[in-house]
Amino acid sequence: MKKVVILRSSGNELANQLWNYVSIYAYAREHNYILENPSFFEYGEYFNIPTTSWFVRIVFFLPFKNYTKRKTAFRRKVWRKFYQWYTTIILWFFHDQTISYANAYNKPFYLPSTKETEGKLKELEQARKNIYIDGWLFRNPVGIEKYRSEIKKYFKPRENIEKKVTVTINELQKKYETVVGVHMRQGDYKTWREGTYFIEQKRVREILNEYISIFKMNISKTCFLITSDGPVNEKYFSELNISVSKDNAVTDLFLLASTNVVIGSNSTFGAFASYYGNVPFIVMQKEPMDWDYYRDKTKFFENKYSTMVHY
């Protein structure tokens, strides 16, 4: 059976890799291909996704079991460089079977079911050879909806993470009617693109107040589950029922996906949680919020303010 191998995803972190991964997974399902993704080695140990190569598993996946530091950490830098050498060799051998894609304007490469196959990809589909994919902007919005249930099963987190998420959410749901997920991207957002997308915690509280007022939330029956890659100053959230997660990024992702709605920074992280949990994603902004845009949203949707995803 033909295989699709995601060889490189341009060194992105968790959510960017997942958007690429689920899109290619849907493509593989559409054609009944086997899918492998050695490029997911930094996060694969948090999921139940099988790895068929013992070499890849031992050399790349196992060193990152329970490893939570970000891409600037020493181990990640070293292993990413090692993986780059490894994939350079693979690409040298299989360059005629590889679809490489990069776009200066972040325009996606759309896969079936979203778009009919054309060009080199069509030639590779018709050949008996495997297909190697190189790039992070492969997208399949139609496919990820068509195969949503299969994607949810395939990308389930490891049992201990799933149990922790279930216990946490069940405890909150016993106390409150609504659990609102809040994702605050701090860390690199403070300086990246001169802080354009960084939302101060004081502004986060203002947005939550507006949400409570506009959607007429019963504050005593609502809990805000806050996740962040930086410290949370709880003084900004006084008089609200809050639960602050101190878990790793994978656990936080699935916690957000289990809430009733996600209110978060303009990032692929909150957007993927919205997709996986099929809940609305409200993007926090420095400028006034367009609350009318969100009034009729009850499930995941392609949010025009979620500009990091490149649907």
Side-chain angles (χ1 to χ4, degrees), residues 6 8-22 37-51 56-84 136 154-169 171-172 181-192 197-199 201 204 224-234 242-259 262 264-265 267-277 308:
I6 304 173
R8 296 196 298 203
S9 56
S10 302
N12 288 298
E13 294 197 74
L14 177 62
N16 273 334
Q17 289 196 37
L18 282 170
W19 278 112
N20 199 53
Y21 200 167
V22 297
N37 187 3
S39 73
F40 201 57
F41 67 91
E42 293 165 289
Y43 305 103
E45 290 297 302
Y46 289 96
F47 294 80
N48 293 313
I49 301 168
T51 50
V56 169
R57 176 168 175 75
I58 292 172
V59 175
F60 293 109
F61 280 72
L62 286 180
F64 289 91
K65 188 172 185 177
N66 300 321
Y67 190 79
T68 59
K69 293 184 180 180
R70 302 192 66 172
K71 65 182 181 181
T72 53
F74 177 75
R75 187 186 304 183
R76 288 200 189 277
K77 287 182 178 179
V78 171
W79 255 261
R80 285 185 175 210
K81 179 61 70 175
F82 182 28
Y83 185 76
Q84 184 180 0
W136 70 280
Y154 190 83
F155 290 90
K156 280 179 65 174
R158 211 170 54 198
E159 184 179 355
N160 65 317
I161 294 176
E162 187 176 28
K163 183 177 180 181
K164 182 180 289 187
V165 169
T166 300
V167 169
T168 300
I169 294 298
E171 288 178 352
L172 292 176
V182 179
H183 173 239
M184 298 190 300
R185 179 78 171 262
Q186 299 185 82
D188 57 342
Y189 264 32
K190 290 182 179 180
T191 56
W192 185 60
Y197 302 102
F198 176 63
I199 306 294
Q201 293 188 43
V204 174
F224 295 90
L225 173 57
I226 302 175
T227 66
S228 179
D229 60 344
V232 176
N233 191 336
E234 296 188 17
I242 65 169
S243 175
V244 180
S245 173
K246 294 180 173 59
D247 269 299
N248 59 66
V250 177
T251 303
D252 281 354
L253 184 74
F254 288 99
L255 281 170
L256 291 173
S258 302
T259 61
V262 177
S265 301
S267 76
T268 55
F269 193 89
F272 190 84
S274 165
Y275 163 73
Y276 191 90
M308 301 298 171

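What you are looking at is a predicted structure, and each value in this text was computed from that prediction instead of being measured. For the numbers below, each heavy atom of this structure counts, side chains included, while hydrogens, waters and symmetry mates do not.
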For [X], give me all partners under salt bridge (Lys or Arg N to Asp or Glu O under 4.0 Å), at least two apart in sequence or on another chain.
X	answer
Arg75	none
Glu162	Lys156
Arg57	Glu45

Quick one: list whatever passes ring-ring contact (aromatic ring centres under 6.0 Å, His included) with [X], sequence neighbours left out.
X	result
Tyr154	Tyr25
Phe198	none
Phe224	none
Phe272	Trp19, Tyr275

Q.
Is the distance from the ring center of Tyr189 to that of Trp192 below 6.0 Å?
A.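 Tyr189 vs Trp192: aromatic centres under 6.0 Å.
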Q. Are the ring centres of Phe60 and Phe82 closer than 6.0 Å?
A.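 They qualify: ring centres under 6.0 Å apart.
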Q. Of all heavy-atom pairs between Ser267 and Met308, which one has the smallest distance, and what is that distance?
A.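 Scanning both residues, the minimum pair turns out to be CA-CG, 4.0 Å.
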(Q) Using every non-hydrogen atom in the two residues, find where Leu253 and Ala273 come nearest and quote the distance to one decimal. (A)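 Where Leu253 meets Ala273 most closely, the heavy atoms are O-CB, 3.6 Å.
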Q: Go through the structure and list residues passing side-chain hydrogen bond (donor to acceptor under 3.5 Å, both in side chains) with Thr251, not counting sequence neighbours.
A: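 Scan of Thr251 (side-chain hydrogen bond (donor to acceptor under 3.5 Å, both in side chains), adjacent residues dropped) gives Asn248.
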Q: Flag the pair Ile199 / Met184 as yes when at least one side-chain heavy-atom distance between them is below 4.5 Å, and no otherwise.
A: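 No, every pair of side-chain atoms sits at 4.5 Å or beyond.
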Can you sort out the partners of [X] under side chain to side chain contact (heavy atoms under 4.5 Å, CB included), two or more places apart, ordered by chain and number?
X	answer
Asn37	Ile6, Tyr21, Ser39, Phe40
Val78	Phe74
Asp188	Arg70, Arg185, Asp229
Lys69	Tyr67, Ala73

Q: For side chain to side chain contact (heavy atoms under 4.5 Å, CB included), just list the numbers for Leu256 and Phe269, CA-CA rounded to whole Å, side-chain angles, deciding distance to a tenth of an Å, and then say yes or no.
A: CA-CA 9 Å; Leu256 291 173; Phe269 193 89; 3.7 Å; yes
Q) Within 45° of the six-membered ring axis of Phe254 and under 6.0 Å from that ring's centre, is NZ or CZ of Arg158 located there? A)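 No, Arg158 and Phe254 do not form such a contact.
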Q: Please work out which of the three classes, parallel, tilted or perpendicular, describes the rings of Phe47 and Phe155, given edges at 30° and 60°.
A: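 If you compare the ring of Phe155 with that of Phe47, the planes turn out perpendicular.
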